[in-house]
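So that the names make sense, note that chain A is the first sequence line, chain B the second, and so on, each numbered from 1.
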Amino acid sequence: MVDEKMQECLARQAKQIRRHVIAMTQAAGSGHPGGSLSAAEIVSALFFAEMRIDPQNPAWPERDRFILSKGHAAPVLYAALAERGFFDVAELVNLRKTGHFLQGHPDMKKVPGVDMSTGSLGQGVSAAVGMALGLRLDGKDARVFALLGDGELQEGQVWEAAMAAGHYGLDNLTIFIDDNGLQIDGPVEQVMNCRPIEDKFRAFGWNVLTIDGHSLPAIMDALATAKATKGRPTCIVAQTVKGKGVSFMENQVGWHGNAPNAEQAATAMTELG
Amino acid sequence: MTKVATRDAYGQALAQLGAENKDIVVLDADLAKSTKTIDFAKVFPERFFDMGIAEQNLMGTAAGLAAVGKIPFASTFAMFAVGRAFEQVRNSIAYPKLNVKIAATHAGVTVGEDGGSHQTVEDIALMRAVPNMTVIVPSDGPETAAAVRWAATHQGPVYLRLGRLAVPVLHGDDYQFVPGKAETLRSGSDVTIIATGLMVSVALEAAEALAAKGIQATVLNMPTIKPIDRDAIVAAVAATGCVVTAEEHSVIGGLGSAVAEVMVEAAPAPMVRVGLQDCFGESGKPAELLAKFGLTAERIAAAAQQVIARKG
Ligand SMILES: Cc1ncc(C[n+]2csc(CCOP(=O)(O)OP(=O)(O)O)c2C)c(N)n1
Ligand SMILES: [Mg+2]
């Protein structure tokens with residue numbers, strides 16, 4: 001169990017991250033708020049509690065790695081990195097602008113703290129497998145985390161990677177599935193049903209946990225279990241609400257890849273508090 | 001003349017390099033015996049990863065290994081490395097400029113009996129178009145060994161195009177591969193033949209045949225397709241006034257196109273591209289297929305006479 005002070009801190013960070021997501025996408029006039037808001041607690045727990053990282057030394061070889069396989073949720077990652085001190089928070093509003101480093105999708109060559117360039121769904125998880133293999137080969141105890149979308153699971157490459165991680169028993173690899181139930185064309189179950197997610201990963205030899213993806217104690221407990229699990233990778237299916245925290249965005253397919261205008265952003269900020 | 005397949009030279013070079021550099025890791029997709037990565041796997045099993053028949057994950061995993069400091073050589077047939085996993089190569093390897101060496105074997109029609117589904121004739125075009133990618137097509141065993149060795153020291157993605165068929169050994173074991181540089185194998189003032197891969201030895205044969213007719217050809221081996229040696233092309237055009245290119249690849253997008261791009265901008269002159277004329281390969285014996293698709297000394301010599309006739 002995490003103590004209350006830590007929980008409060010993580011909740012505060014999650015709220016701050018959500019506020020940045022709204023401000024950034026509004027300033028950019030484009031971007032992906034829905035799938036960023038659903039992952040705020042997961043990212044907060046990773047960057048402010050679980051991961052061994054050093055903002056002063058983003059290329060530190062011993063660091064834990066994070067791969068945003070659902071790269072379109074870049075705003076949630078950039079917000080966490082800025083809040084954690086990897087770069088100036090003031091840069092966030094330059095998201096997606098010509099000549100600025102915060103690319104529309106994560107770019108490891110341009111953004112300090114980004115461990116892998118992503119954006120093409122299904123690819124980040126393979127890179128996570130490669131990192132986990134390489135770190136293990138070097139006898140390093142650094143761990144690898146990745147965050148995938150539930151729609152992303154439709155990509156065949158995800159299952160190639162799942163097979164490989166199970167085959168090689170990569171217990172230094174933990175992935176989250178942001179199970180928000182929505183993709184672009186509609187509910188995942190209607191577009192192309194991929195359930196049951198848990199059974200599929202289990203069948204490939206993974207340790208699988210299903211949690212409330214907005215409960216910080218649940219996330220921290222799951223991460224503790226993942227860390228203690230030896231001989232196989234862990235998949236945490238995090239049940240979430242797309243657009244979480246902004247009432248008019250919650251569970252709305254339309255907020256997958258649309259930015260709020262100034263008025264909508266103001267309403268969202270009031271709601272987020 | 002001794003013959004060695006470039007894939008065999010690759011396997012042996014890898015096994016040697018593995019002993020010298022502990023960061024080298026090798027990945028394959030269930031074709032280790034064919035790509036010859038088995039030579040490495042036997043000596044360094046802990047640094048060899050068979051990823052199964054899953055080429056997209058093969059490339060992505062290689063990218064991840066590179067991101068934590070390894071030097072991955074990822075191998076499978078060229079058809080699948082470039083075709084099946086094109087976007088993984090583009091987005092997970094080249095875009096972030098990760099240090100992955102894609103060593104793809106069984107390129108071109110000399111795959112033979114397996115037929116057109118397995119004979120990629122468009123891989124050079126695809127890899128050449130990707131930013132950050134270096135494209136190397138060795139002509140023989142020693143050049144392969146030297147190129148593999150260079151690739152391991154180079155920071156950034158490299159595409160090495162290797163073949164199944166045993167081809168004549170043109171270089172000595174002390175051959176030094178110079179990236180981005182053409183190698184002059186023969187000098188003559190009437191025509192320049194620029195060749196890559198197994199067509200280099202065929203080009204030398206053609207030059208012999210031309211010499212017998214009193215035509216003197218310059219023969220350039222062009223192992224690096226990208227970055228292409230502009231200076232060598234411009235100098236050759238200045239010296240001979242016409243060019244024939246020869247490659248075991250489609251004339252669209254490969255060596256011929258790369259040379260033509262330089263000539264159009266810097267040294268316009270008559271030119272003929274010998275290669276596959278916008279068609280797929282098919283089943284057959286390698287030698288028969290080379291003949292069928294015009295990848296022969298006779299065709300190169302005829303093309304040489306055509307371009308010479310077109311000189312002003
Ligand atoms: C290979 C690939 N195909 C298509 C897209 C376009 N795309 C971006 S986001 C998205 C939907 C993703 O849904 P999901 O994985 O559920 O993400 P989330 O709901 O968390 O936003 C699609 C199809 C892409 N980025 N990559
Ligand atoms: Mg979703």
Side-chain angles (χ1 to χ4, degrees), chain A residues 59-67 69 71 103 105-111 114-140 142-146 155-170 172-173 204, chain B residues 18 21-30 40 44-74 76 80 84-102 130-132 155-157:
Chain A
W60 182 35
E62 309 302 321
R63 74 191 184 281
D64 290 344
R65 275 38 173 207
F66 176 76
I67 295 115
S69 200
Q103 301 297 296
H105 292 81
D107 186 330
M108 66 185 287
K109 288 286 170 217
K110 295 200 164 86
V111 186
V114 169
D115 289 318
M116 181 65 200
S117 301
T118 51
S120 176
L121 293 169
Q123 297 196 27
V125 61
S126 291
V129 168
M131 290 181 194
L133 273 175
L135 291 167
R136 185 172 77 179
L137 197 56
D138 283 344
K140 292 195 161 117
R143 300 171 63 212
V144 181
F145 299 92
E155 282 288 355
Q157 188 178 354
V158 170
W159 304 105
E160 294 183 0
M163 200 186 314
H167 177 82
Y168 284 109
L170 296 176
N172 54 350
L173 173 66
F204 283 121
Chain B
N21 190 336
K22 298 276 172 273
D23 285 333
I24 290 179
V25 295
V26 177
L27 302 90
D28 206 304
D30 200 33
F40 179 93
F44 307 104
E46 72 291 347
R47 283 192 270 147
F48 174 79
F49 302 104
D50 202 318
M51 303 310 294
I53 314 160
E55 295 78 13
Q56 304 173 53
N57 187 51
L58 169 84
M59 293 306 170
T61 302
L65 281 157
V68 295
K70 298 292 161 196
I71 306 171
F73 279 75
T76 177
F80 312 131
R84 179 60 140 271
F86 175 77
E87 206 228 316
Q88 283 72 18
V89 170
R90 195 266 189 199
N91 271 327
S92 286
I93 295 173
Y95 180 55
K97 206 175 182 187
L98 286 167
N99 198 21
V100 176
K101 318 304 162 186
I102 300 155
V130 176
N132 288 340
Q155 266 295 325

So, the side chain of Glu160(A) versus the backbone of Asn57(B): is there a donor-acceptor pair under 3.5 Å, distance only?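 Such a contact is found between Glu160(A) side chain and Asn57(B) backbone.
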Ala67(B) and Met131(A): which non-hydrogen atoms are nearest, and at how many Å? CB-CE, 3.7 Å
Least distance between heavy atoms, Met108(A) atom then Pro96(B) atom: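 Looking at all heavy atoms of both residues, the closest pair is SD-CB, 3.5 Å.
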Between Gly60(B), Gly69(B), Gly52(B), who has the most heavy-atom pairs with chain A when the cutoff is under 4.5 Å?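 Sorted descending by pairs with chain A, the first entry is Gly60(B).
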Quick one: of Ala54(B), Ala63(B), Pro72(B), who has the most non-hydrogen atom pairs under 4.5 Å with chain A? Ala54(B)
What part of Lys22(B) lies closer than 4.5 angstrom to a heavy atom of chain A: side chain, backbone, both or neither?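 For Lys22(B), neither part sits under 4.5 Å from chain A.
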Heavy-atom contact with chain A under 4.5 Å, split by part of Leu98(B):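 Contact with chain A: side chain only.
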CD on Gln157(A) to OG1 on Thr61(B), rounded to 0.5 Å: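 If we round to the nearest 0.5 Å, Thr61(B):OG1 and Gln157(A):CD are 8.0 Å apart.
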Report the distance from atom OH of Tyr95(B) to atom CD of Gln123(A), rounding to the nearest 0.5 Å.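 The OH atom of Tyr95(B) sits 12.0 Å away from the CD atom of Gln123(A).
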Which pairs pass salt bridge (charged side-chain N to carboxylate O under 4.0 Å, His left out) with one or both residues in residues 57-74 of chain B, sequence neighbours excluded? Asp138(A)-Lys70(B), Asp23(B)-Lys70(B)
So does Arg84(B) have more than 12 non-hydrogen atoms from other groups sitting under 6.0 Å from CZ? no
Flag side-chain contact, heavy atom, 4.5 Å: [X] against [Y]:
X: Ser126(A); Y: Met59(B); result: no
X: Met51(B); Y: Tyr168(A); result: yes
X: Phe49(B); Y: Val129(A); result: no

Side chain / backbone / both / neither for Ala161(A) at chain B, heavy atoms under 4.5 Å: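 Contact with chain B is through both the backbone and side chain of Ala161(A).
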Side chain, backbone, both or neither of Leu137(A) within contact of chain B (heavy atoms, under 4.5 Å):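 Side chain only.
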Do Ser120(A) and Glu87(B) have side-chain N/O donor and acceptor atoms under 3.5 Å apart? yes
Ring pair (Phe, Tyr, Trp, His ring centres under 6.0 Å) with Phe40(B): which residues, sequence neighbours excluded?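 Ring pair (Phe, Tyr, Trp, His ring centres under 6.0 Å) check on Phe40(B) returns Phe44(B).
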The test is side chain to side chain contact (heavy atoms under 4.5 Å, CB included); show your working for Val68(B) and Lys140(A) and say whether it passes. CA-CA 11 Å; Val68(B) 295; Lys140(A) 292 195 161 117; over 6 Å; no
